[in-house]
Amino acid sequence: MDYGEFEGVIGLEVHAQLLTESKLFCGCSTKFGAEPNAHTCPVCMGLPGALPVLNKKAVNYAIKLGLALNCTVNRKSIFARKNYYYPDLPKGYQISQYEEPICVNGHIYITTGNGKKKIRIRRIHLEEDAGKLIHEGTIETSSYTLVDFNRASIPLLEIVSEPDISTPREAVEYLKLLRSTLVYLEICDGNMEEGSLRCDANISVRKKGDTKFGTRTELKNLNSFRYIEKALDYEIRRQIETIKKGQQIIQETRLFNPDQGITYSMRGKEEAHDYRYFPDPDLLPLIVDEEWIETIKVTLPELPSEKMERFVQQYNLPQYDVEILCSEKELANYFEETVKLYPEPKAVSNWIMTEFLRELKETDVPIEKVKFRPQHLAELLYLIKDGKISIKIAKDMFPELFRKGISPKKYVEEKNILQISDESLIKQAVEKVILGHPKEVEEYKKGKEKLFGFFVGQVMKETKGRANPKLVNDILREKLKKQSE
Ligand code: ADP
Ligand code: MG
Ligand code: ZN
């Protein structure tokens, strides 16, 4: 992604759905998948006279994230009404925070091709979600629309970055780190497909070296890492082309069409809303004192950025491995448990990043429910290291071990697949192969050395893949040399 004399300027607005049991201002359940409108009450339906009561856990979660993202937690914040009409918004306004949000002025460090980069967080505020509209039939045939208010008033955190992000790649890195931080904190499930994490992007371009920002567009509803990268890249290129043609960028809201890979205009600035924010008279200012913040601070776990830092130091692993291993807390734990039993971090990491993650993806089991535990993996790695089984055999039997949670040691004993390291047995096999392939032996003697691999293959076939490859090599070489003399 090189934009020549231009560079991108990107600021992200991310919405994270909080994992509270009840909604932001009432006791209704936030559980997913209930009958439509089963989780509603006069408060979240906006009935006259109903009064909101703030959910303390949601505030705790907001403070937690604020601390994790190095923000200042405001001692006083204000809930405001964001006024607009839409059928999924029964009150005619959304309760959000505007001028005085709960957290401000944070930052995180992302890893880029040129080392670490600081991305500043402008603000984090609490707000309620809207309901969901379900349009029956296609646009042409639709005769009615249904509304489900189960989601209405579920707590969200909006996390707004400063425009410090320069490339689509950096945007994805930022989002991944933000996502894993939310998941580590256990305040959001991070599921983008289900909408628990949604992202809007503000994008402009400018000539490299310029300090002034260009006119920006806003891309709405980007809900997968892949789309985000593609959409941002397309939009940056579109803006550059526009400027090169001598035209102006129009400030507007755009949408991404994943099938065509393009962005298109949704509404212009003149259609932008004027939300007429004002402090919600039904809610007191939110006061958070030092003591409250302290009680949250002590509950903070090791964060993904800290864990990655430690993994590099402690295990001497490359950044690539570390990012994958730390992407999920449970995966990192699995790795560390295995290393305790088999203290070769890189070997453990290699196995986890390839065979283990492949099986995990195919079986779609959460890591903590995987039957194949760290002690099993350590056992398997010892079997390979001690020359009891070959890597090939280990890989072949892995899916079964993984799915059933069988001890590798027991498995190889029971199935009689321990590697043959008995020299006399291998010698026998080698002799048989040499006797059985006089033509190839003749050619090999004449200098066709490539045939060595062929002989190895035949010996492995003869021993059903169980012969120790190093011994096969040594013995074969010796026997063939004797043939040539
Ligand atoms: P609004 O109030 O319209 O949402 P903000 O000024 O609060 O606008 O900015 C929203 C987001 O847009 C922030 O993430 C910010 O970093 C980003 N942003 C602001 N100006 C630009 C720009 N010129 N180019 C890219 N992103 C920008
Ligand atoms: Mg905004
Ligand atoms: Zn309710």
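Counting starts at 1 for both ligands and their atoms, in listed order. Residue numbers run from 1 in the order of the sequence given.
- By the 3.5 Å distance cut-off applied to N or O atoms, Gly214 is counted among the residues near ligand 1.
- With a 4.0 Å heavy-atom cut-off, ligand 1 is reached by the side chain of Arg216 but not by its N, CA, C or O.
- Every atom of ligand 1 is numbered from 1 in the order shown, and the set under 4.0 Å from a heavy atom of Leu12 is 14 (O).
- Here the angle at the Zn ion (ligand 3) defined by SG in Cys26 and SG in Cys41 stands at 110°, rounded to 10 degrees.
- Nearest heavy-atom pair across Asn191 and Glu194 is OD1-N, 3.1 Å.
- Listed by atom number, the atoms of ligand 1 under 4.0 Å from Ser161 heavy atoms are 13 (C), 14 (O), 15 (C), 16 (O).
- Note: no N/O pair closer than 3.5 Å links Ile203 and ligand 1 by distance alone.
- Checked against a 6.0 Å centroid threshold, the rings of Tyr275 and Tyr98 do not count as neighbours.
- The ligand atoms of ligand 1 that sit less than 4.0 angstrom from a heavy atom of Phe213 are 23 (N).
- Ring centers of Phe256 and Tyr234: at least 6.0 Å apart, outside the cut-off.
- Taking backbone and side-chain atoms together, His39 has no N/O/S atom less than 2.8 Å away from the Zn ion (ligand 3).
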Applying side chain to side chain contact (heavy atoms under 4.5 Å, CB included), run through Leu54 and Leu284 and close with a yes or a no. CA-CA 9 Å; Leu54 181 58; Leu284 290 167; over 6 Å; no
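- Note: Ile154 CD1 to Leu24 CG = 10.5 Å, rounded to the nearest 0.5 Å.
- Ring geometry, Phe398 versus Phe402: the interplanar angle falls from 30° to 60°, so the pair is classed tilted.
- Among all heavy-atom pairs drawn from Lys176 and Arg169, the shortest one is NZ-NH2, 4.4 Å.
- Of the inter-residue distances, the one linking Leu18 atom CG with Leu126 atom CG reads 6.5 Å to the nearest 0.5 angstrom.
- Closest heavy-atom contact between Met192 and Leu222: CE-O, 4.4 Å.
- Short contacts between ligand 1 and Val9, defined as distances under 4.0 Å to a heavy atom of the residue, involve ligand atoms 24 (N), 25 (C).
- Less than 4.0 angstrom separates some heavy atom of Pro163 from each of these atoms of ligand 1: 16 (O), 26 (N), 27 (C).
- Residue contact annotation: Arg122 has a non-hydrogen atom under 4.0 Å from ligand 1.
- Our summary of the site lists the angle at the Zn ion (ligand 3) between SG of Cys28 and SG of Cys44 as 110°, to the nearest 10 degrees.
- For atom 17 (C) of ligand 1, the nearest non-hydrogen atom from the set Thr215, Asn202, Val205, Asp164 comes from Asn202.
- Close approach of ligand 1 to Val160 is summarised as follows: ligand atoms under 4.0 Å from at least one heavy atom of the residue are 13 (C), 14 (O).
- Of the candidates Arg254, Arg238, Gln239, Glu252, Gln239 is the only one forming a side chain to side chain donor-acceptor pair (under 3.5 Å) with Thr217.
- Close contacts between ligand 1 and Glu162 involve ligand atoms 16 (O) [criterion: under 4.0 Å to a heavy atom].
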